[in-house]
Amino acid sequence: MDKKKAVRDYHRNLAVTAGIILLIFIAIPIFVKSPYILNVFVLVFYMSTLSMAWNLLGGMTGQNSLGHAAYMGLGAYASCLLVVRTGINPWLSAVAGMVAVAVVAGVIFYPCFILRGPYFTLVSIAFGEAIRQFIINSEFFGRASGVGLPYGKDSWIDFRFGSKVPYYYVGLAMMILIYAFMKKIERSKIGYALKTIREDEDAAAAIGINPIKYKIMAVVISAMVAALVGFFYASYIRYIDPELMIQAKSTEAVLPAIVGGAAFVEGPIIGGLIMIPLSEFLRATYSAILPGINMLMYAVVLLVVIRFRPAGILGWYMNSRAKQFVDERILKKPSVEVIEEVEMAGGR
Amino acid sequence: ASGAINSAQGQAAAPAEQERTEAAPAEEAAPAEETAAADENAPEGDPIRLGTIYAMSGGNAAIGANILRGIDFAVAEINAKGGVLGRPLEVVRGDHAGDPATGKSEAERLITQEHVDLMMGCHMSTVTEVVAQVCQQYGVPMITAISTLDRLTDADHEDMDYFFRLCPLNSVYVEDMLKYLKDSTEQTGEEIKTIAIFTDRAAIGQELIRCVNLFKDEYGLELVAEVDYTSNATDLSAQVLALKDANPDAILCDSYIGDATLFVQTLKAQNYSPKMIVAKANGFTDPSFITNLGSIANGVASVVEFNPDLTNGVEINEEFNKEFGVDMNGHSAESYTVVWIFKTAIEAAGSVEGEAVKEALTNLDIQGEFPGGRKIVLPYDRIKFENYELAGEPHYRDNTYASVAIAQIQDGAWKTVWPFNFTETKIAYPAPLE
Amino acid sequence: MSTFLQACVNGLLMGGFYSLMGMGQNVIFGVMKIVNFCHGEMLMVGMYLTFVLYTFFGIDPYLSVPIVAVVMFLFGALIQHTLITPSLGTKSFTNLLFLTVGLGLLLSNGALVIFGSTYYTINTPYSQTYINLGPVTMALPRLISFGVLVVISSALFAFLKYTTTGKQIRAVSQNPVGAEVVGINVKSIYILTYGIGVALAGVAGSLLTGFYTIFPTAGASFGFRALIVVVVGGLGSIPGAFLAGIFLGLLETMVALFISPSYSDLIVFVTFIVILVVRQTIIARRR
Amino acid sequence: MSDTPIIEVSHITKRFKGLTAVKDVSFTIKRGAITGMIGPNGAGKSTTFNMICGYYPPTEGKIFYDGKDITDKKAYDYTNMKVSRTFQIMKPLKNLSVLDNVVASAWFGHAAAKNERQAREKAMEVLQFTGLYEKRHVLSKDMGTPDQKRLEMARALATSPQLLFLDENMAGLNPAETEEAIKLIRRINESGVTIFLIEHIMQAVVSLCEEVIVLHHGEKIAVGTPDEVMNDPYVMEVYLGVKKEDADA
Amino acid sequence: MLKVSGLNAGYGSVNILWDLEFEVKDGEIVAILGSNGAGKTTMVRAVTGMLKPSSGSVQFNGDELSGKNTRYILDAGIVQVPEGRQLFTEMTVLENLEMGAFNRKTKEHFRDNLKKAYGWFPRLEERAKQAAGTLSGGEQQMVAVARALIGEPRLLILDEPSLGLAPNIVDDILKVASDMADHDGISVLLVEQDITKALACADGGYVIENGKIVLHGTAKELSENEHVKKAYLGI
Ligand SMILES: Nc1ncnc2c1ncn2[C@@H]1O[C@H](COP(=O)(O)OP(=O)(O)OP(=O)(O)O)[C@@H](O)[C@H]1O
Ligand SMILES: Nc1ncnc2c1ncn2[C@@H]1O[C@H](COP(=O)(O)OP(=O)(O)OP(=O)(O)O)[C@@H](O)[C@H]1O
Ligand SMILES: [Mg+2]
Ligand SMILES: [Mg+2]
């Protein structure tokens with residue numbers, strides 16, 4: 001009986017902690033007035049979301065894509081062009097953009113799924129470059145000059161604001177929503193299929209998983225989320241050009257996941273919260289003094305994390321005293337067996 | 001379309017010669033004041049903060065370096081003379097690394113964290129567009145020294161009254177290039193009938209192509225080839241062969257410095273000597289272009305926003321070269337000028353308050369020389385931001401007096417060759433490239 | 001016709017560089033199964049090294065090739081020992097990938113910090129010497145470079161194929177544990193191979209200074225082409241990489257010549273994807 | 001219905017480049033029974049097995065399941081047809097816990113779990129059945145050979161097969177552990193699962209199998225009860241290694 | 001010949017082997033028994049230098065090997081057939097065998113040794129040009145054993161050689177081992193799950209449980225030991 005209560009208490013504590021963290025994020029714009037700081041948060045939100053999109057493919061499925069900037073860019077282009085050319089509502093264009101990118105990603109990648117390991121990575125780079133080159137050569141996409149979204153009065157309908165606050169909340173909501181979605185996937189049939197594929201494709205086939213089908217699913221979902229981020233980016237920056245899709249941007253999309261811990265759905269968020277403010281700080285502080293030194297230091301941080309904390313910050317936390325302390329003292333987590341027992345009992 | 005600008009050039013030649021002697025005493029008087037002013041004013045007041053956003057890292061960092069030399073030079077000069085309103089100028093640098101999102105972020109940081117009063121930027125028009133929006137939102141006056149994209153000041157930007165542009169528009173550049181081709185017959189005796197474009201596939205190249213198509217018929221030129229490549233190309237021999245095949249009378253080009261260098265080397269390697277090469281500044285006028293290529297650069301011509309042999313440029317270039325070890329180029333000279341424009345406007349407004357400075361900039365009219373400073377070092381003698389029409393399109397707050405000259409590398413140095421009434425130097429034809 | 005011949009020669013000369021880069025990448029990939037994403041940056045380091053040797057010590061770029069090779073080898077060995085070997089233990093392809101990506105960032109920005117953003121070139125007395133062979137012109141530096149790299153490639157091929165060390169390298173590439181069992185020092189082989197790979201990139205950089213500008217991001221375009229070469233030529237295959245490099249060089253010039261220079265990049269990427277997919281499909285079928 | 005064999009293999013042949021690994025082999029697997037396959041190394045047992053399970057297409061011949069032609073079925077279709085397999089070279093999902101390894105399987109197959117709870121319950125059941133319950137939170141890569149072999153089986157069972165293929169599932173076990181495994185396999189069989197196994201451990205083959213098929217050089221050389229097969233002089237010579245003198249005596 | 005004392009070893013911070021003591025004399029076959037996960041392979045790895053022992057000594061003909069690298073130990077004459085075979089899958093059978101001849105002067109004797117190896121495993125000669133990775137499991141095991149023999153061992157360590165082998169091949173391999181012990185004076189350390197067969201050909205043996213030696217004696221003693229019968233033979 002008190003086992004049951006212990007588990008219930010633990011779940012309550014978890015919920016309360018999550019609630020507090022959420023409240024802090026909701027409260028930030030009330031206390032932080034600096035648009036620049038809010039801007040950094042907005043960056044964190046959309047980059048973390050993009051990184052979560054990557055992580056579905058890279059972390060969960062073991063397919064290291066280095067072409068996510070292309071999906072994001074395509075999404076941004078699709079929604080921008082629709083708004084500019086047809087004048088439809090941006091929110092609708094976002095949906096259309098996601099669908100378009102999903103189709104493109106699915107169709108183009110279908111033949112590539114025979115590829116494993118590094119081959120997949122290389123194709124994803126070539127694919128990203130090919131899309132970028134295509135846009136640069138295409139009159140329709142505005143070639144290298146890019147596309148701008150119209151400025152104007154603040155409006156929810158047009159998703160356009162002078163202030164950072166609405167972007168902050170939309171960005172936050174997007175990140176949380178995608179997080180919840182990814183968490184759901186992780187524990188679902190798809191999640192298990194993807195993880196099985198990551199570990200061994202032959203083993204996956206042996207239990208009835210069609211590796212190609214699920215990999216396509218992963219790529220399509222991942223590309224759609226990236227396209228959503230592209231829409232958000234375009235609405236926020238209000239100007240896009242093919243430079244958005246260069247390979248360095250794809251790399252940027254991955255770093256939060258690597259630093260945070262690619263094995264965890266939370267990894268990209270933790271990594272984003274660390275790496276993006278760090279990069280902004282380094283640029284603000286050092287770039288003017290000695291150009292390049294900021295990226296140099298950023299690279300050093302990245303290398304140190306990979307070298308000494310290969311499972312990322314979260315992987316490190318999971319085996320740390322800090323976690324023990326949090327579990328025991330703050331969350332009052334009962335043993336795994338107890339939780340399991342109560343859960344199984346509840347099921348009958 | 002650019003008739004007004006041309007006449008400005010025409011007038012500029014003669015007065016410039018006269019004013020030179022007059023200006024000398026004023027310059028000599030300055031140091032006396034300067035010591036006094038420096039002691040009393042400069043160190044004391046709150047600095048006036050000038051934000052700059054250029055690429056300091058990434059593929060195009062070289063351009064940012066030239067621009068900042070010009071800015072630093074002007075700021076040192078102004079501070080040595082007692083600053084602005086008795087307050088020193090201080091530069092706060094931002095780095096956009098070639099990316100609009102980063103540019104936006106930097107603009108926000110400079111304005112809200114660093115509290116800059118003024119803004120300069122950027123060297124990529126795509127980033128300028130985004131940064132200008134941020135400045136507009138916060139009411140920070142911004143002048144771009146070198147963003148030439150026509151669109152930046154078109155009808156869509158009518159309301160962006162905090163944004164001003166010093167440099168000429170791409171269409172002005174290109175029209176002057178074509179004009180030069182036509183005028184060259186006078187000296188070379190050969191008429192230019194066919195042209196080819198060699199350019200980067202990035203935005204700069206698209207603009208060159210667009211503008212050439214805009215004017216080519218008017219100047220009776222036939223475009224026989226459009227050849228482009230991706231920035232920082234590994235190899236340009238295919239492009240050069242395509243040009244060689246097309247065999248135009250003249251090649252118009254726009255490239256960043258690395259590709260510009262490789263282009264000329266490849267021309268040699270492919271044994272192709274076009275008779276005339278005219279570049280739209282950029283990489284071709286980077287100080288390291290001549291250093292790197294040596295004699296094979298001889299004969300390359302380019303639009304220049306500034307040239308050391310311009311009557312107003314000789315002196316400043318000497319000082320500049322002493323300071324930095326390289327010549328002042330167009331980017332340095334234009335950004336140098338922008339700093340002085342800001343100084344003049346602030347002093348006219350009597351404050352650094354954004355609204356007041358904006359008003360002052362709107363009404364600014366500098367003729368010949370800056371109050372308390374040098375003569376305009378660029379190849380024109382008046383600076384005024386005006387609304388006007390260009391090729392049937394309205395434009396806002398551009399310096400309509402801006403124009404460019406054309407220089408050619410001769411004996412390892414840029415020599416102004418056009419407009420003819422600006423210079424004694426004759427066009428070297430065909431371009432020797434050796 | 002003469003244009004076509006000239007284009008062939010150009011493609012061949014350029015392809016040689018892609019080959020050299022690809023072979024370096026291939027040695028590394030073949031043995032450690034990691035894609036060296038800082039390969040282009042290693043080339044850039046080789047360029048700056050040559051530049052420094054020329055500017056401060058007056059050493060001719062071609063004479064500095066052996067020096068660059070040795071220095072870059074040591075540099076690669078150091079990186080392998082301190083960074084990559086420890087991370088190999090985690091068996092995470094993702095981590096290794098981003099380790100090399102991070103290294104690339106470090107190197108290109110390090111160059112920016114040290115040398116600034118200026119574009120440099122090296123002008124030797126013979127940089128502007130050209131050789132005419134009938135309708136075809138060749139720049140002397142390119143020709144020398146091509147000769148040097150043909151020699152290096154053949155030497156490398158022979159080394160891997162016939163020497164004991166070469167066989168050890170191949171053994172490690174197939175089964176590191178098995179290699180240890182037969183008495184091969186696996187860690188030294190790793191150090192050796194990464195050193196060789198990096199040295200090849202450095203040498204390519206050194207040779208490139210004869211006709212290319214030196215700047216912090218100079219390696220990027222070459223780095224990616226090296227990847228294409230590796231994949232098209234077949235992972236681990238040195239002759240494959242050599243041929244693929246030449247193929248890529250020719251493909252680029254031919255597309256530019258017969259279709260349009262604008263599309264050469266696009267077509268190269270698409271060809272790359274197609275070749276990869278087709279080849280892997282055939283391999284999978286054969287299973 | 002019940003007398004149609006669950007699997008009928010008809011004249012299958014597999015050639016790799018120059019080498020014929022399996023040559024015109026035909027046999028049937030009886031429903032509800034345990035059938036074994038033995039033969040010298042390289043005889044073509046795993047190849048036959050892989051052809052039946054959809055990993056290699058046969059070069060020639062047909063395979064029937066419940067009378068239906070399944071020659072061209074893909075490997076991932078098998079669990080939906082209630083057929084499941086293990087690998088000779090184990091393929092555990094290394095970075096997942098034992099529990100997650102099995103949960104993953106429980107999501108698939110003809111009786112796939114509908115939700116997370118079902119999947120976990122089914123996995124727990126299988127873990128208890130196979131004796132891995134105590135180790136359910138261990139990462140599968142940290143386990144020794146016999147546990148990994150057991151895990152292979154657990155993962156196969158979690159898809160609720162009616163026909164189970166085991167490729168050398170007992171290799172590397174000592175006699176005592178082998179006894180355990182034999183009991184487990186018998187229990188599985190008693191729950192109604194038809195089993196087809198490849199094994200070199202005679203102790204297991206003799207005590208489990210109702211019928212044994214012997215391959216040699218890719219050809220079927222004998223079939224019968226374990227007793228019959230093991231007393232076949234040819235089988236003795238090529239496989240069991242009973243010395244000529246002993247056999248004569 | 002081989003004398004191990006006070007050997008401790010493990011992975012990372014986890015200690016697996018606890019104060020191991022055992023001895024192998026010239027020309028002797030010693031069996032190591034133990035259930036799965038007992039630490040037998042870890043012991044093999046510690047003796048052959050693939051795993052650095054945390055303490056203890058490994059003496060081979062008076063030479064201290066503990067802490068030496070694999071190459072040194074191999075040159076001293078300890079050659080193993082590793083668990084899981086560890087072949088070079090993309091190399092041919094012949095190339096794999098060549099790789100076995102890295103130590104000492106074995107390269108010179110390679111031709112002769114190869115002939116011997118083909119004598120023991122004729123099937124390998126048939127398959128000399130085939131890529132090792134495409135051999136059947138049992139054929140691969142033969143390659144692994146042959147590769148070790150080509151290294152001219154003075155002490156041969158076999159880690160579960162019978163795994164996946166047909167009964168007659170197991171007999172062959174064990175017979176090769178006994179022949180070598182009897183005729184060439186080579187010692188053999190045999191880690192084996194097929195305890196009956198192992199004890200039948202071994203002179204003596206040790207039983208490892210949880211990384212500790214719990215029993216040792218002659219083969220006969222062990223096969224009659226109640227604990228061994230119960231825990232390992234299932235009798
Ligand atoms: N690389 C490794 N890292 C961490 N632990 C390991 C590693 N290899 C083995 N172990 C652990 O060490 C213990 C002993 O393993 P070992 O392989 O030595 O056993 P063994 O007696 O050879 O068993 P088997 O009969 O299965 O081969 C086991 O608990 C195993 O989980
Ligand atoms: N992919 C392949 N390519 C070429 N030959 C192969 C391939 N797979 C198997 N073979 C060959 O086919 C033959 C049969 O192999 P198979 O794996 O079926 O043997 P097996 O009977 O399972 O042996 P074991 O008992 O040793 O596992 C072997 O000689 C092997 O070398
Ligand atoms: Mg088999
Ligand atoms: Mg073992």
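Proteins come first, then strands; the chains are lettered A, B, ... in the order of their sequence lines, and each starts at number 1. Because the structure is a prediction, the values reported are computed rather than measured.
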Q) Could you give the distance from CD (B:Gln239) to OG1 (B:Thr266), rounded to the nearest 0.5 Å? A) 8.5 Å
Q.
Can you confirm if the aromatic rings of C:Phe17 and C:Phe211 lie within a centre distance of less than 6.0 Å?
A. yes
(Q) Can you tell me which portion of C:Phe215 sits under 4.5 Å from chain B's heavy atoms? Options are side chain, backbone, both or neither. (A) side chain
Q.
In terms of relative ring orientation, are B:Phe324 and B:Phe320 parallel, tilted or perpendicular, with 30° and 60° separating the classes?
A. tilted
Q: Check B:Met124 against B:Gly98 and note the closest heavy-atom contact, atom names and distance.
A: SD-CA, 3.7 Å
Q.
Out of B:Leu241, B:Thr261, B:Asp259, return the one with the most heavy atom pairs under 4.5 angstrom to chain C.
A. B:Leu241
Q) chain C: which of B:Ala242, B:Ser295, B:Ala233 shares the most heavy-atom pairs with it under 4.5 Å? A) B:Ala233
Q: Kindly assign one of parallel, tilted or perpendicular to the pair B:Trp414 and B:Phe289, based on the angle between their ring planes and the thresholds 30° and 60°.
A: parallel
Q.
Is the ring pair B:Phe198/B:Phe263 parallel, tilted or perpendicular, if the boundaries are 30 and 60 degrees?
A. parallel
(Q) Looking only at heavy atoms and a cut-off of under 4.5 Å, which of C:Ala256, C:Pro216, C:Ser221, C:Ala218 has the most pairs with chain B? (A) C:Ser221
Q.
Looking at chain B, which one of C:Leu257, C:Leu112, C:Val113 has the largest number of heavy-atom pairs inside 4.5 Å, strictly under?
A. C:Leu112
**Q.** Top contributor to chain B contacts, counting heavy-atom pairs under 4.5 Å, from C:Asn109, C:Asn132, C:Thr137
**A.** C:Thr137
Q.
Taking side chain as everything from C-beta outward and backbone as N, CA, C, O, which of these in C:Tyr130 sits under 4.5 Å from a heavy atom of chain B? Side chain, backbone, both or neither.
A. side chain
Q. Is it true that B:Asp327 and B:Arg69 make a salt bridge, defined as a side-chain N closer than 4.0 Å to a carboxylate O?
A. no
Q) Do C:Tyr120 and C:Tyr54 have ring centroids that are under 6.0 Å from one another? A) no
Q | Contact winner vs chain C - B:Val227, B:Ile63, B:Asn232, heavy-atom pairs under 4.5 Å | A | B:Asn232
Q: Pick one of side chain, backbone, both or neither for B:Asp245, based on which atoms fall under 4.5 Å of a heavy atom in chain C.
A: side chain
Q) Counting heavy-atom pairs under 4.5 Å to chain C, which of B:Gly258, B:Gly64, B:Pro287 comes out on top? A) B:Gly258
**Q.** Residue B:Thr291 versus chain C: region with a heavy atom under 4.5 Å
**A.** backbone
Q: Just give me the residue among B:Glu434, B:Lys268, B:Glu226, B:Gln265 that pairs up with chain C most often, heavy atom to heavy atom, under 4.5 Å.
A: B:Lys268
